[in-house]
Novice: 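Here you go, one structure.
Fair warning: this is a prediction, and the values are worked out from it, not measured in the lab.
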Amino acid sequence: MLLGCIGDDFTGSSDLANTLAKQGMRTVQYTGVPDGPAADDVQAGVVALKSRSIDPDEAVRLTLQALDWLREQGCRQIFFKYCSTFDSTAKGNIGPVADALAETLDAQKVIVCPAFPGAGRSVYQGYLFVKDRLLNESGMENHPLTPMTDADLRRLMAAQSRHPVGHIPAETVFAGRAAIADAMDTASERMLIVDALRDADLVEIGAAAKGQPLVTGGSGVALGLPANFGCTPTPVPWQGQGGKAAILSGSCSTATRGQIAHHLERHPGLKIDVAQVIDGTQTPEEVARWLVGADGLPLAYSSADPGEVRAVQDTHGREASADALESFFGAVARHLVEMGVTRLLTAGGETSGAVVEALALDSLRIGPEIDPGVPALRARDDLVLALKSGNFGSEDYFEKAAALLERDA
């Protein structure tokens, strides 16, 4: 294994694995830290953790456990993947995890770059934009677990990290890899926010990171890393999977809500009510049976607008409602697979993590890209997945994903 990666959630990890696979690296995504060694042909291993919104100390512990395993596989560089919308709070977990990795690896200069232009995320003058809006005006300020109320990455990182935070501006990045590397060498700060507006910027940042023990960011900055190991872009092989498809969505993002509205104009849908989940009047088996019996491409969703989410959290508590839904979606997924579903689509990082863990999927083989940041995934000979981050995907994503999962590449 050449490149060892640690993702703080499951959809973000598949996003990263997708980027690496497209750039020619033989990539496998692991669910948590594997018990044994990786296969000999794996060049990039992505350990997917569910550490984004947990206690910071526990996130650090899990991350360092993943780091130990990746180093045992012989990795020459470590990549810490977090969301391109920098999902975190003043307590973490991006800062504490990056600190722990930097200190353990003795990384003196650490790139911090969540930019992903393909999905509309760019960093300019140290500020994070989602398309033409600042992060805190993009809808992410309403995130139920990690509301992002500031777009200044230097300020966000400084609140979380023990180390000084610097900035490498766009004009330096535009000058290319040598200029970026020089700026890193001469910077007095350890954590370095790096501007990026185009994929070409990310390639140059990746090239400048050659030989660095640690890189952190969204999947975009990984665009330039495979070339450092002699890899070149190649088509990603894929064998389609026929059979019944179903969709589970727990994301409350603006993008997913739009996708749900579009999908419900053409296919059946079932709203999952948090209160009924908590009191047991809506059961996982009941929802799974409805999905299996419905025509077309059925969708079960708990996704709701910010006002409805706040009302639920005020009534049941933020953590209690989130935990109840995650457990519920995991149980629905188990029933679906037992009932013969072979194509399973999920929307939302927490939902996707709950499903993968409930199905006890140890590793996922990376297939072709459905939409920027979202690959097809093979879990077993009879099961394929599409795990979508809440803010990713086009309006017709669900139909597009189900179709790609079914056909050969």
Novice: For residues 356-365, please give each side-chain donor-acceptor pair under 3.5 Å, one per line with the distance, not counting sequence neighbours.
Specialist:
none

Novice: Does CG in Asp41 sit with more than 12 non-hydrogen atoms of other residues, nucleotides or ligands closer than 6.0 Å?
Specialist: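 Buried by this count: over 12 neighbours within 6.0 Å.
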Novice: For Phe116, which residues count as a ring pair (Phe, Tyr, Trp, His ring centres under 6.0 Å) partner, sequence neighbours excluded?
Specialist: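 So Phe116 forms a ring pair (Phe, Tyr, Trp, His ring centres under 6.0 Å) with Phe392.
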Novice: Residues in ring pair (Phe, Tyr, Trp, His ring centres under 6.0 Å) with Tyr397, at least two apart?
Specialist: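 Counting only residues at least two positions away or on another chain, Tyr397 forms no ring pair (Phe, Tyr, Trp, His ring centres under 6.0 Å).
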Novice: Answer whether the closest heavy-atom distance between the side chains of Asp195 and His167 falls below 4.5 Å.
Specialist: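 They are in contact (side-chain heavy atoms under 4.5 Å apart), so the answer is yes.
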Novice: Partners of Asp55 by side-chain contact (heavy atoms from CB on, under 4.5 Å), sequence neighbours excluded?
Specialist: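 Asp55: side-chain contact (heavy atoms from CB on, under 4.5 Å) contacts with Asp57, Glu58.
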Novice: Does Lys388 reach the side chain of Thr256, with side-chain heavy atoms less than 4.5 Å apart?
Specialist: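 In short, these two side chains touch, coming nearer than 4.5 Å.
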Novice: Can you list, pair by pair, the side-chain donor-acceptor contacts under 3.5 Å of residues 217-235, counting residues two or more places apart and other chains?
Specialist:
from, atom 1, to, atom 2, distance (Å)
Ser219, OG, Asp15, OD1, 2.7
Ser219, OG, Asp15, OD2, 3.0
Asn228, ND2, Gly206, O, 2.9

Novice: Can you sort out the partners of Glu141 under salt bridge (charged side-chain N to carboxylate O under 4.0 Å, His left out), two or more places apart, ordered by chain and number?
Specialist: none
Novice: How would you list, by chain and number, every residue that makes a ring pair (Phe, Tyr, Trp, His ring centres under 6.0 Å) with Phe398, sequence neighbours excluded?
Specialist: His263
Novice: Kindly write out the residues that satisfy ring pair (Phe, Tyr, Trp, His ring centres under 6.0 Å) with Phe79, not counting sequence neighbours, or none if the list is empty.
Specialist: none
Novice: After noting the C-alpha distance and the side-chain angles of Leu153 and Leu156, does the key distance pass the side chain to side chain contact (heavy atoms under 4.5 Å, CB included) rule?
Specialist: CA-CA 5 Å; Leu153 290 171; Leu156 289 168; 4.2 Å; yes
Novice: Does one side chain, of Asn391 or Ser389, offer a donor that lies under 3.5 Å from an acceptor on the other?
Specialist: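 There is no such pair (donor and acceptor under 3.5 Å, judged by atom type) between the side chains of Asn391 and Ser389.
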Novice: Carefully, step by step, assess Leu105 and Leu67 under the rule side chain to side chain contact (heavy atoms under 4.5 Å, CB included).
Specialist: CA-CA 9 Å; Leu105 294 166; Leu67 174 64; 4.1 Å; yes
Novice: Only pairs at least two apart or in different chains count here, so list each side chain to side chain donor-acceptor pair (under 3.5 Å) that has a residue in residues 88-112.
Specialist: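 Those involving residues 88-112 are Ser88-Gln160, Asp99-Ser161, Glu103-Arg162, Glu103-His163, Asp106-Gln108.
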Novice: I'd like to check Ile366 versus Val46 (side-chain heavy atoms, cut-off strictly below 4.5 Å). Are they in contact?
Specialist: no
Novice: Determine whether Ile247 and Leu297 satisfy the following criterion, side chain to side chain contact (heavy atoms under 4.5 Å, CB included), listing intermediate values before the conclusion.
Specialist: CA-CA 8 Å; Ile247 308 168; Leu297 184 55; 3.7 Å; yes
Novice: Taking the side chain as every heavy atom from C-beta outward, state whether Pro114 and Arg121 have any atom pair closer than 4.5 Å.
Specialist: no
Novice: What residue pairs, at least two apart or across chains, pass side chain to side chain donor-acceptor pair (under 3.5 Å) with a residue in residues 400-409?
Specialist: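 Of all non-adjacent pairs touching residues 400-409, those that pass side chain to side chain donor-acceptor pair (under 3.5 Å) are Asp371-Lys400, Ser394-Lys400.
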Novice: Please, which pairs that meet side chain to side chain donor-acceptor pair (under 3.5 Å) have at least one residue in residues 168-186, sequence neighbours excluded?
Specialist: Arg177-Glu204
Novice: Please name the residue in the list Leu134, Leu197, Val123, Leu135 that meets the side-chain contact (heavy atoms from CB on, under 4.5 Å) test with Phe129.
Specialist: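 Answer to the side-chain contact (heavy atoms from CB on, under 4.5 Å) test with Phe129 among Leu134, Leu197, Val123, Leu135: Leu134.
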Novice: My understanding is that only one of Arg52, Lys50, Lys81 makes a salt bridge (Lys or Arg N to Asp or Glu O under 4.0 Å) with Asp9; could you say which?
Specialist: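 Single pass found, and it is Arg52.
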Novice: Side chains of Gln241 and Arg378: do they bring a donor and an acceptor to under 3.5 Å?
Specialist: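 Yes.
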Novice: Please list all pairs meeting side chain to side chain donor-acceptor pair (under 3.5 Å) that have one or both residues in residues 302-319, counting only residues at least two apart or in different chains.
Specialist: Ser249-Ser303, Lys271-Glu308
Novice: With a 4.5 Å heavy-atom cut-off, do Val173 and Ile168 have their side chains touching?
Specialist: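 Val173 reaches Ile168 side chain to side chain.
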Novice: In this structure, are over 12 heavy atoms from other groups packed under 6.0 Å from Gln239 atom CD?
Specialist: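 Atom CD in Gln239 is not crowded, with 12 or fewer foreign heavy atoms closer than 6.0 Å.
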